[in-house]
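Residue numbers begin at 1 in each chain, while the letters A, B, ... track the order of the sequences.
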2 protein chains.
Amino acid sequence: MRVTIADVAREAAVSKTTVSRVLNTRADVDAGTAARVREVIAALGYVPSSGAVGLARGTSRTVAMLTPPLTWPWMGEVLQGVADTVEAAGYGLLLYTCNRGAESVSHFTGQVSARAFDGLLLVEPENTLDTVTAMHRRGLPVVLIDDRGHHPAFPSVATTNREGGASAARHLLATGRTSPLVITGPRDFGCVRDRLDGFLDQIPGALVTEGEFTETSGRHGVERALAEGRDIDCVFAHNDLIAAGALRALREAGRRVPDDVAVVGFDDLPMARHTEPPLTTVRQPMRRMGETAARLLLARLAGDVLSDAPVVLPTELVVRRSAPAL
Amino acid sequence: MRVTIADVAREAAVSKTTVSRVLNTRADVDAGTAARVREVIAALGYVPSSGAVGLARGTSRTVAMLTPPLTWPWMGEVLQGVADTVEAAGYGLLLYTCNRGAESVSHFTGQVSARAFDGLLLVEPENTLDTVTAMHRRGLPVVLIDDRGHHPAFPSVATTNREGGASAARHLLATGRTSPLVITGPRDFGCVRDRLDGFLDQIPGALVTEGEFTETSGRHGVERALAEGRDIDCVFAHNDLIAAGALRALREAGRRVPDDVAVVGFDDLPMARHTEPPLTTVRQPMRRMGETAARLLLARLAGDVLSDAPVVLPTELVVRRSAPAL
DNA sequence: CTGAAAGCGCTTACAG
DNA sequence: CTGAAAGCGCTTACAG
């Protein structure tokens with residue numbers, strides 16, 4: 001049998017109102033009464049029902065997070081940043097993944113309307129941006145962790161993709177490289193365009209080939225360039241998976257890295273330390289993105305008004321052996 | 001203004017009871033009435049409040065998951081397996097991480113008592129097993145995803161750690177290796193003892209050194225063995241991070257992999273494909289562990305009685321170039 | 001087939 | 001400083 005506030009009230013010989021007051025530490029309770037109530041609470045092991053509290057207060061002290069498949073290499077970092085921040089504020093975190101496509105999304109939208117949570121954090125809402133924008137318009141607090149360069153009509157957290165691309169180019173130039181091959185992600189991603197623009201600002205003549213964010217894509221990109229007899233001395237890969245594929249293709253073609261060809265990736269996944277040679281890459285602060293987005297959302301729930309202008313976190317070039325300093 | 005069941009009832013000129021009945025698709029409602037109510041629901045965009053439903057029904061249709069830091073390399077897989085299964089059943093998934101130590105745990109236990117969820121899934125409950133065992137005794141349905149070999153007093157899902165160790169040894173023997181170095185994880189992990197026992201059953205004389213589950217540990221393990229002049233022709237690492245460190249140390253010492261020394265890891269993390277050479281490893285079905293644990297918990301919530309005997313999923317040797325077949 | 005009423009476990013004006 | 005009562009939005013016997 002569940003212990004309720006009524007049990008505590010009876011045992012302490014006060015009203016439920018008074019118990020509720022000491023629970024919520026209101027000032028206007030006699031110190032003696034409060035002490036007695038607290039004793040009873042401890043003795044009975046009473047804990048308020050979060051559901052009942054939520055119903056009475058009209059708020060759930062829970063936020064939701066909608067994510068792409070959790071197997072994305074950097075999702076763990078983002079999620080951990082979110083979880084830490086949300087937990088520290090005493091909120092619960094409800095997780096939804098879009099792993100099952102349309103079905104997931106409709107299940108999710110049902111939950112939203114059910115007011116199972118007070119606010120929403122989301123990453124990479126493929127085919128979801130319209131739905132979410134509508135929810136936001138109807139009053140649901142939303143913050144996007146924008147790794148795709150979406151520039152949505154609500155608050156978001158992003159990184160300096162353009163500057164990241166530029167920093168890769170500057171590093172390559174500074175170390176004497178002049179003929180890059182750029183292997184991009186899909187062009188319809190805003191982040192891909194930004195990374196490319198930043199790079200081309202520094203090295204306008206770069207050879208560019210569009211790829212996907214996979215190792216296979218990196219391998220094919222290099223193989224094709226070599227087969228066409230292109231004269232390259234470095235590769236800028238739009239993420240670390242592409243870079244890993246490029247490393248492999250270069251090795252198989254007998255090109256030494258970094259002696260013949262330097263390679264720079266993007267993201268700084270854990271695996272970037274384990275490739276041969278270890279990968280120079282543009283680090284994205286995924287954990288801080290999660291923390292920042294969560295902090296924004298909690299501020300919004302506490303009453304702050306948020307700007308729709310994205311909060312932009314800096315990328316950082318991490319130099320390892322695949323493209324060493326001079 | 002929120003649309004409630006009362007609004008629907010008024011608009012459809014029926015009682016709240018009737019609306020509730022069509023909501024829960026009970027048979028005993030006149031077809032015409034039901035149709036009319038459904039129209040009103042659609043017209044008003046009514047969605048039941050999950051909090052109110054939960055309070056009235058005494059169940060939240062939510063399960064919680066308590067995890068170690070999400071940056072553990074295989075947590076994404078486990079979590080995805082759990083999320084898919086839980087979502088498909090129409091349940092919500094509340095995530096708690098033990099990232100903040102004792103504070104996390106106490107926050108978490110508060111949530112438990114608050115009945116914010118109906119059941120609990122957990123991974124690797126460092127310093128948590130006692131608390132959780134107590135909760136289970138008090139009636140909270142719990143399923144452990146046991147990657148540590150805990151053998152708890154409640155239902156759990158594990159893998160064949162002992163057979164996994166044996167399969168690594170058999171593969172090495174079959175490919176002509178006779179002098180292994182085993183670099184283990186911490187000995188107080190049940191899984192470490194099991195992997196080691198399975199290996200030693202096949203190769204009793206193996207050289208064994210205790211390590212941690214880190215790359216550094218793998219590197220040191222190999223460096224020490226070589227410095228001591230040990231004559232090794234293969235390494236069995238207790239996870240893939242250790243194996244990655246071993247690969248690096250071997251290369252730096254001028255030993256060729258696999259020609260001079262073969263290397264076998266454990267887990268089959270995504271990075272196992274990206275090492276040089278790609279890693280032969282004992283694959284643990286982390287996603288299936290998540291799915292299986294979630295399925296067990298949901299069955300329990302549906303009224304099934306669960307056995308405390310662990311459900312054991314098979315490991316599988318994945319052969320790549322670091323320890324090729326003949 | 002349908003509805004009035006009680007109940008789930010809290011919080012919050014309101015009154016004293 | 002304290003309590004009775006209404007209300008949050010549902011479900012569920014119970015009665016018809």
Side-chain angles (χ1 to χ4, degrees), chain A residues 1-38 40-41 44-62 90 92 110-118, chain B residues 1-38 40-41 44-62 90 92 110-118:
Chain A
M1 274 292 40
R2 157 152 217 133
V3 179
T4 73
I5 198 173
D7 300 323
V8 176
R10 189 180 331 106
E11 200 73 17
V14 296
S15 69
K16 294 190 297 175
T17 307
T18 296
V19 177
S20 175
R21 276 197 270 254
V22 347
L23 245 22
N24 298 287
T25 56
R26 299 225 187 290
D28 48 357
V29 181
D30 176 86
T33 312
R36 184 156 37 94
V37 171
R38 262 189 281 273
V40 174
I41 286 176
L44 265 43
Y46 167 70
V47 180
S49 148
S50 61
V53 174
L55 182 58
R57 271 211 275 251
T59 170
S60 58
R61 282 192 81 77
T62 297
Q111 296 293 315
V112 178
S113 334
R115 300 283 166 95
F117 47 83
D118 300 334
Chain B
M1 275 291 39
R2 155 151 219 134
V3 178
T4 73
I5 198 174
D7 300 323
V8 175
R10 190 181 328 106
E11 199 74 16
V14 294
S15 70
K16 293 190 296 175
T17 307
T18 297
V19 176
S20 176
R21 277 197 269 254
V22 347
L23 246 21
N24 298 288
T25 55
R26 300 224 187 292
D28 49 355
V29 182
D30 176 84
T33 310
R36 183 155 39 95
V37 170
R38 262 189 280 272
V40 173
I41 287 176
L44 264 42
Y46 167 70
V47 180
S49 149
S50 61
V53 173
L55 182 57
R57 270 210 275 252
T59 171
S60 59
R61 283 192 80 77
T62 297
Q111 297 293 315
V112 178
S113 334
R115 302 281 168 96
F117 46 82
D118 301 333

Output row for DNA chain D, stems defined as at least 3 consecutive Watson-Crick or G-U pairs under 3.5 Å, is C:1-3 with D:14-16, C:5-12 with D:5-12, C:14-16 with D:1-3
Side-chain N or O of Thr18(B) less than 4.0 angstrom from OP1 or OP2 on dG3(C)?
yes
Rounded to the nearest 0.5 Å, how far apart are OG of Ser50(A) and CZ of Arg57(A)?
10.5 Å
OP1, OP2 of dG9(C) versus side-chain N and O of Thr4(A): anything below 4.0 Å?
no
What N/O pairs connect the protein and nucleotides 11-14 of chain C at under 3.5 Å? Give each pair on its own line.
unit_1	atom_1	unit_2	atom_2	d
dT11(C)	OP1	Asn24(A)	ND2	3.3
dT11(C)	OP2	Ser20(A)	OG	2.5
dT12(C)	OP2	Arg26(A)	NH2	2.9
dT12(C)	O4	Thr17(A)	OG1	3.3

Would you mind reading off the distance between Leu55(B) atom CG and dG9(D) atom P, rounded to a whole angstrom?
12 Å
Return the value, rounded to whole Å, for the distance between atom CG of Asp28(A) and atom P of dA15(C).
17 Å
Any non-hydrogen side-chain atom of Arg36(B) less than 4.5 Å from a side-chain atom of Val14(B)?
yes
Separation of Ile5(A) CD1 from Ile41(A) CD1 (nearest 0.5 Å)
8.0 Å
Measuring from Leu44(B):CG to Thr4(B):OG1, what's the distance to the nearest 0.5 Å?
9.0 Å
Inter-residue atom distance Arg38(B).CZ - Thr33(B).OG1, 0.5 Å rounding:
10.5 Å
What are the two closest non-hydrogen atoms of Ala52(A) and Leu55(B), and how far apart are they?
CB-CD1, 3.8 Å
Heavy-atom pair of closest approach, residues Tyr46(B) and Leu23(B):
CE2-CD2, 3.7 Å
Under 4.0 Å between any heavy atoms, over every strand shown, what does Asp30(A) touch: base, sugar-phosphate, or nothing? Just pick one.
sugar-phosphate
Any side-chain heavy atom of Thr17(A) sitting closer than 4.5 Å to one from Ser20(A)?
no
In whole Å, I'd like the distance from the CZ atom of Arg10(A) to the P atom of dG3(D).
15 Å
